[in-house]
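Side chains included, hydrogens not; waters and symmetry mates left out as well; all remaining heavy atoms used.
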Amino acid sequence: MLQTPQIARYLLVGVWNTIFGAGIYALLYWLFGTRVHYLLLLIPANILAITNAYLGYKYIVFKTFGNAWREYLRCYVVYGGMMVVNAMLLYLLVTLIRLAPPLANVFCVITTTIATYFSHKHFSFR
């Protein structure tokens, strides 16, 4: 059987996660953006996106067994740090460059993808 390399699986799942995460943020912004600050919308968007990412990484990329809660919590540690970076970048892109929040978020997600791969490989799913 032909085995897909881990990095290729990560990139495929990462593309899906990027689309899913950006889509969830855009949907929440569309639904609540006039009533809720765009940075606060990152919280529910990230909870949904982290859960989606965890499932893809666990079962498709790293193919680990057991330790589900520990791995899930470690994903939150990794993504918690990335959320802080994402929030800072989002703030800068929206306030300094004047990008629309959903578009700025797409750039933020792309910039954190490489760091999360190594964090998950060596921490979350080791």
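The distance from atom CG of Leu92 to atom CD1 of Ile97, rounded to the nearest 0.5 Å, is 8.0 Å. For the atom pair CG of Leu41 and CG of Leu31, the computed distance is 9.5 Å after rounding to the nearest 0.5 Å. For the atom pair CD1 of Ile47 and CD1 of Ile24, the computed distance is 12.0 Å after rounding to the nearest 0.5 Å. In this structure, Tyr25 OH and Leu28 CG are separated by 9.0 Å, a value rounded to the nearest 0.5 Å. Atom-to-atom distance recorded for Leu40:CG and Phe32:CZ is 12.5 Å, nearest 0.5 angstrom. Taken to the nearest 0.5 Å, the OG atom of Ser124 stands 12.0 Å off from the CG atom of Asn67.
Within the 3.5 Å criterion, the main-chain N or O of Gly66 finds no donor-acceptor partner in the side chain of Arg70. For the pair Asn86 (side chain) and Met82 (backbone), a donor-acceptor distance under 3.5 Å is absent. Side chain of Tyr54 to backbone of Ala68: a donor-acceptor contact under 3.5 angstrom is found.
Residues Leu39 and Ala87 approach most closely at CD2-O, 4.0 Å, considering heavy atoms. Val61 and Arg9 get closest at one heavy-atom pair: O-NH2, 2.6 Å. The minimum heavy-atom distance between Ala22 and Val106, with the atom names listed, is CB-CG2, 3.9 Å. The nearest pair of heavy atoms linking Ala104 to Leu90 is CB-CD1, 3.5 Å.
For the pair Val94/Tyr38, a side-chain contact is recorded, criterion being any heavy-atom separation below 4.5 Å from C-beta on. Proximity of His120 to Arg74: side-chain heavy atoms (C-beta onward) are nowhere separated by under 4.5 Å. Taking 4.5 Å as the limit, some side-chain heavy atom of Thr116 sits within range of a side-chain heavy atom of Tyr10. Contact check for Asn105 versus Leu42: side-chain heavy atoms found under the 4.5 Å cut-off. Using a 4.5 Å heavy-atom cutoff, the side chains of Leu89 and Phe107 are not in contact. The closest side-chain heavy-atom distance from Tyr79 to Ser119 is not below 4.5 Å.
In terms of hydrophobic clustering, with Ile, Leu, Val, Met, Phe, Trp and Tyr side chains grouped at heavy-atom distances under 4.5 Å, Leu96 and Tyr91 are assigned to a common cluster. Under the 4.5 Å side-chain heavy-atom criterion for grouping Ile, Leu, Val, Met, Phe, Trp and Tyr, Tyr59 is connected to Leu48 within one hydrophobic cluster. Under the 4.5 Å side-chain heavy-atom criterion for ILVMFWY residues, no single connected hydrophobic cluster contains both Val84 and Ile43. Hydrophobic clustering, with ILVMFWY side chains joined whenever heavy atoms are under 4.5 angstrom apart, groups Trp30 together with Phe20. At a threshold of 4.5 Å between side-chain heavy atoms, the hydrophobic network of Ile, Leu, Val, Met, Phe, Trp and Tyr places Ile50 and Trp16 in one connected group.
The aromatic rings of Phe125 and Tyr57 stand perpendicular to each other, their planes meeting at an angle above 60°, with 30° marking the opposite boundary.
A donor and an acceptor atom, one from each side chain of Tyr76 and Tyr72, are located under 3.5 Å apart. For the residue pair Lys63 / Gln6, no side-chain donor-acceptor distance below 3.5 Å is found, with atom types taken as modelled.
The side-chain contact (heavy atoms from CB on, under 4.5 Å) test applied to Ala26 returns Pro102, not counting sequence neighbours.
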